[in-house]
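First comes the structure, then the notes that go with it.
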Amino acid sequence: MSRKPFLAGNWKMFKTGEEAVSFIGQFKSVTSSLTDRDVALAVPATALEAAAKAASGSPLIIGAQNLHWEKEGAYTGEISAQMIKATGATMVIIGHSERRQYFGDTDDKVAKKLGAALWTGLVPVVCVGENLSDRESGRTMDVLSSQVKGSLAGVNPAEAHKVVLAYEPVWAIGTGKSATEGMAQEVHVFLRRQLKEILGPQVADQIRIIYGGSVKPENAANILAQSEIDGLLVGGASLLVEPFTKIVSSPC
Ligand code: PGA
């Protein structure tokens, strides 16, 4: 099964709308020549509209970093899938470990957010990952299995193939310690097996499983060379045009 690689940047809480427009102005032409892969940027909510406008006419996908599952309501500070879509963005990250760690995103909430994203037509990038103590105590696969099952609970089987699953070991995020290619491949094989159990082989084979955690221009190609790694989710190294261009242009 050949899956189209998915290479995304996650800007986290960095860049104003103006800074996003300047970055995208320099970067978007890169994506025009990379038609064999999807290239995306998850920008802060305040930059969504400007970023989507700046990217229009190019294949660059613009996305948000979080959403609320309700369409609208008394939820101060939140934004809905419909609001994201109205900015021109077409993707959203769900359940990033920083959301899970600092903002109470449980698997239940992730599942509801996933439902809202799919229903609205946004490409959902659902994140899972074990922390250091899980890995050191040999619980990595148990933790991942329960995160995947919980996060995908109730997903509409007809739409599940649109999900992008991001494996991001928490201990590798922003630490400079990336998982080795072998470690990541082993987990991706396991995750594909989990997806097959939950969704059946046909759907599971279409889902892109991408890796994130200290991806840099120096290690991107080796990670992408693994057969079960369908792309990358890049934090720090997506903030500057040059390293991110190198990463998204890696052979894959
Ligand atoms: P990092 O972040 O590349 O800076 O480790 C990855 C992420 O959090 O998505």
Side-chain angles (χ1 to χ4, degrees), residues 5-15 19-20 23 27 37-45 47-48 51 60-67 84 89 91-105 110 113-114 117 122-132 134-135 140 143-144 147-148 151 163-181 183-184 187-188 191 208-224 226 229-250 252:
F6 190 93
L7 302 155
N10 170 17
W11 280 353
K12 310 192 181 190
M13 199 171 74
F14 292 97
K15 294 194 193 292
E19 289 163 341
F23 182 108
F27 178 72
R37 61 198 69 189
D38 287 330
V39 179
L41 272 175
V43 307
L48 278 171
L60 176 61
I61 295 166
I62 299 297
Q65 301 170 10
N66 180 39
L67 80 166
I84 293 168
M91 173 195 95
V92 62
I93 296 178
I94 302 174
H96 188 279
S97 65
E98 286 149 17
R99 300 286 326 167
R100 291 177 185 263
Q101 189 177 351
Y102 305 127
F103 304 102
D105 278 18
V110 170
K113 291 179 181 197
L114 173 58
L122 297 174
V123 173
V125 179
V126 176
C127 302
V128 295
E130 82 285 4
N131 62 34
L132 190 58
D134 298 329
R135 180 151 285 266
T140 297
V143 167
L144 291 171
Q147 284 182 357
V148 170
S151 301
V163 173
V164 176
L165 184 64
Y167 167 55
E168 296 206 305
V170 178
W171 49 269
I173 295 178
T175 58
K177 272 192 250 165
S178 141
T180 63
E181 303 89 75
M183 252 179 189
V187 169
H188 283 225
L191 290 173
R208 289 170 290 182
I209 309 180
I210 66 175
Y211 170 81
S214 295
V215 174
K216 302 275 176 290
E218 298 74 38
N219 61 13
N222 279 347
I223 298 170
L224 285 168
Q226 302 298 312
I229 299 184
D230 303 318
L232 302 168
L233 185 54
V234 185
S238 71
L239 291 169
L240 293 172
V241 173
E242 201 196 321
F244 194 51
T245 299
K246 281 194 186 138
I247 290 171
V248 302
S249 310
S250 304
C252 54

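Ligands are counted one by one from 1 in listed order, and the atoms in each one are counted from 1 as well. Because only heavy atoms are used, hydrogens play no part in the values below, and waters and symmetry mates are left out as well, while side chains stay in. Predicted model only: the values in this text are computed from it and were never measured.
Side chain of Lys15 to backbone of Leu239: a donor-acceptor contact under 3.5 angstrom is found. Asn219 contributes a side-chain N or O that, together with a main-chain N or O of Ser214, makes up a donor-acceptor pair within less than 3.5 Å. Checked by atom type and distance alone, the side chain of Arg37 pairs as donor or acceptor with a backbone atom of Val248 at under 3.5 Å. Looking at Trp11, its side chain does come within 3.5 Å of a backbone N or O of Ser238 through a donor-acceptor pair.
Between His188 and Tyr211, the angle of the ring planes lies from 30° to 60°, which puts this pair in the tilted group.
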Identify the protein atoms, limited to N or O, that lie within less than 3.5 Å of an N or O atom of ligand 1, and list each pair with its distance to 0.1 Å.
| from | atom 1 | to | atom 2 | distance (Å) |
| --- | --- | --- | --- | --- |
| ligand 1 | 2 (O) | Lys12 | NZ | 3.4 |
| ligand 1 | 3 (O) | Gly235 | N | 2.9 |
| ligand 1 | 4 (O) | Gly236 | N | 2.9 |
| ligand 1 | 5 (O) | Gly174 | N | 2.6 |
| ligand 1 | 5 (O) | Ser214 | N | 2.8 |
| ligand 1 | 8 (O) | Lys12 | NZ | 2.8 |
| ligand 1 | 8 (O) | His96 | NE2 | 2.7 |
| ligand 1 | 9 (O) | His96 | NE2 | 3.3 |
| ligand 1 | 9 (O) | Glu168 | OE1 | 3.3 |
| ligand 1 | 9 (O) | Glu168 | OE2 | 2.7 |

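Considering only heavy atoms from C-beta on, Gln65 comes within 4.5 Å of Pro44 through its side chain.
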